[in-house]
Amino acid sequence: MGVYNQYQTFLETFYKNTKLLAILVDPDKFDSSQAAVFLRNIPAETTHIFVGGSTVEPGQTDVLVKELKLVTSKPIILFPGDYTQITESADALLFLSLLSGRNPEYLVGQQVKAIGMLQETDLEVISTAYLLIDGGSESAVSRVTQTKPMVQSDVQAIVDTAKAGEMMGAKLIYLEAGSGAKYPVDPKIISEVKKKIDIPIIVGGGIRSQEQKQLAYDAGADMVVMGTVFENNNTTQLS
């Protein structure tokens, strides 16, 4: 069950200029029985586990979260591709609105479908403005949501969209290049968004090395999310 303090952690990071690292686990690509082995191989500085994917069978998320809870005390936050991935077994939920796209189903439709379930849980719900940024390859998010990512060269449009999210009441901004991206969100984009908003920034997608992670932090990311690099227990690039 949620303990209603996960967003406070984001705020403390934001105000103290410390950094968070989340490892993203996709239930569709993960063998739950290997949870303990997986967690032993992630970076020591990992602060959170994110769970979610673009296409996940019903029930898979709940099974995975419960397995992870048996072997870690790190907070587990849902990063769902749709409302069916919600489980009360997690600690918190990123309540995502895909502001970079114009598909109403992912701007508000999925959120409405989630309400009945959320009202029966103790999950901490964190409103999050989600911006899909072009990472050089078609992402699962783009395919599933039928939306185009924002081009990295149009920095002003990305900044304005992030600011709109903040003004609409989002508590977090998530800049995402997509799972398996050829390259991550440009540090210049992170830096420019940082200058214009007053809420924490999460950055993910295409970050596979210590150098890329540090560049995101230096540019202003409060949390970095990594996933693909660990799907096969590959931690050599971060050692």
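What you see is a predicted model; the values in this text were computed from it and never measured.
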Legend entry - Backbone of Asp186 reached by a side-chain donor or acceptor of Gln152 within 3.5 Å: yes
Inset, instruction - Enter the distance from Thr128:OG1 to Leu172:CG here, rounded to the nearest 0.5 Å. - result: 4.5 Å
Legend entry - Joint hydrophobic cluster, Phe30 plus Val56, side-chain heavy atoms closer than 4.5 Å: no
Inset, instruction - Verify the cluster assignment for Val151 and Val155: are they in a single hydrophobic cluster under the rule of side-chain heavy atoms below 4.5 Å apart? - result: no
Inset, instruction - Mind checking the NZ-CD1 spacing from Lys195 to Ile190? Nearest 0.5 Å is all I need. - result: 13.0 Å
Legend entry - side-chain hydrogen bond (donor to acceptor under 3.5 Å, both in side chains): pairs with one or both residues in residues 95-105, sequence neighbours excluded: Glu105-Gln110, Glu105-Lys113
Inset, instruction - Evaluate whether atom CD of Glu57 has more than 12 neighbouring non-hydrogen atoms of other residues, nucleotides or ligands under 6.0 angstrom away. - result: no
Legend entry - Polar side-chain atom of Lys74 near backbone of Thr46 as donor-acceptor pair, under 3.5 Å: yes
Inset, instruction - Using modelled atom types only, decide if a donor and an acceptor are shared between the side chain of Tyr7 and the backbone of Val125 within a distance under 3.5 Å. - result: no
Inset, instruction - Assess whether atom CE of Met117 is packed by more than 12 heavy atoms of other residues, nucleotides or ligands within 6.0 Å. - result: yes
Inset, instruction - Take Phe50 and Met223 through the side chain to side chain contact (heavy atoms under 4.5 Å, CB included) test and state the conclusion after the steps. - result: CA-CA 12 Å; Phe50 278 13; Met223 170 184 274; 3.4 Å; yes
Inset, instruction - With sequence neighbours excluded, tell me which residues meet ring pair (Phe, Tyr, Trp, His ring centres under 6.0 Å) with Tyr106. - result: none
Legend entry - Donor-acceptor pair, side chain of Lys213 and main chain of Val224, under 3.5 angstrom: no
Inset, instruction - Check whether any side-chain heavy atom of Leu99 lies under 4.5 Å from a side-chain heavy atom of Leu107, and answer yes or no. - result: yes
Inset, instruction - Give a yes or no on whether Ile23 and Val71 share a hydrophobic cluster (residues Ile, Leu, Val, Met, Phe, Trp, Tyr; joining criterion: side-chain heavy atoms under 4.5 Å apart). - result: yes
Legend entry - Pairwise distance CD(Gln156) to CD1(Ile158) - rounded to 0.5 angstrom: 10.0 Å
Inset, instruction - Test side chain to side chain contact (heavy atoms under 4.5 Å, CB included) on Val185 and Leu131 and set out the steps. - result: CA-CA 11 Å; Val185 177; Leu131 280 64; over 6 Å; no
Legend entry - 4.5 Å side-chain heavy-atom contact, Pro80 and Thr61: no
Inset, instruction - Measure the CD-CG distance between Gln85 and Asp26 for me, rounded to the nearest 0.5 Å. - result: 8.0 Å
Legend entry - Test item: Lys19 side-chain N/O and Ala221 main-chain N/O as donor-acceptor pair under 3.5 Å: yes
Legend entry - From CD (Glu211) to CG (Leu215), nearest 0.5 Å: 5.5 Å
Legend entry - Within-4.5 Å side-chain heavy-atom neighbours: Glu88 and Asp122: no
Legend entry - Hydrophobic cluster identity match, Val65 and Leu39, side-chain contacts under 4.5 Å: yes
Legend entry - Lys163 backbone acceptor or donor facing Glu166 side chain under 3.5 Å: no
Legend entry - Check: Val141 main-chain N/O paired with Thr145 side-chain donor or acceptor under 3.5 Å: yes
Inset, instruction - Mark yes or no for whether Thr13, through its side chain, and Thr18, through its backbone, hold a donor-acceptor pair below 3.5 Å. - result: no
Inset, instruction - Considering non-hydrogen atoms only, spot the tightest contact between Lys69 and Asp91 and give its length. - result: NZ-OD2, 2.6 Å
Legend entry - Closest approach of Leu123 to Thr87 (non-hydrogen atoms, all atoms of both residues): CD1-O, 3.5 Å
Inset, instruction - For the pair Arg40 and Val37, evaluate side chain to side chain contact (heavy atoms under 4.5 Å, CB included) and give the outcome as yes or no after the intermediate values. - result: CA-CA 5 Å; Arg40 285 199 296 268; Val37 174; 3.4 Å; yes
Inset, instruction - Check Gly169 against Ser127 and note the closest heavy-atom contact, atom names and distance. - result: O-OG, 4.0 Å
Legend entry - Same cluster (ILVMFWY, side-chain, under 4.5 Å), Tyr183 and Tyr217: no
Legend entry - Member of Leu175, Ile133, Asp134 meeting the side-chain contact (heavy atoms from CB on, under 4.5 Å) criterion with Met150: Ile133
Legend entry - Heavy-atom donor-acceptor pair, Ser142 side chain to Thr147 backbone, under 3.5 Å: yes
Inset, instruction - Please report the closest heavy-atom contact between Ala162 and Val193, naming both atoms and the distance. - result: CB-CG1, 3.9 Å
Inset, instruction - Might you point out which heavy atoms bring Ile199 and Lys171 nearest each other, and give the distance in Å? - result: CB-O, 3.5 Å
Inset, instruction - Output yes when a side-chain donor or acceptor of Gln6 lies under 3.5 Å from a complementary backbone atom of Ile77, and no otherwise. - result: no
Legend entry - Asp160 and Lys196 ion-paired at < 4.0 Å: no
Legend entry - Pairs touching residues 128-153 that satisfy ring-ring contact (aromatic ring centres under 6.0 Å, His included), sequence neighbours left out: Phe79-Tyr130, Tyr130-Tyr174
Legend entry - Rounded distance (nearest 0.5 Å) linking atom CZ of Phe10 with atom CD1 of Ile126: 5.5 Å
Inset, instruction - Compare every heavy atom of Ser54 with every heavy atom of Ala140, then report the nearest pair and how far apart it is. - result: CB-OG, 3.5 Å
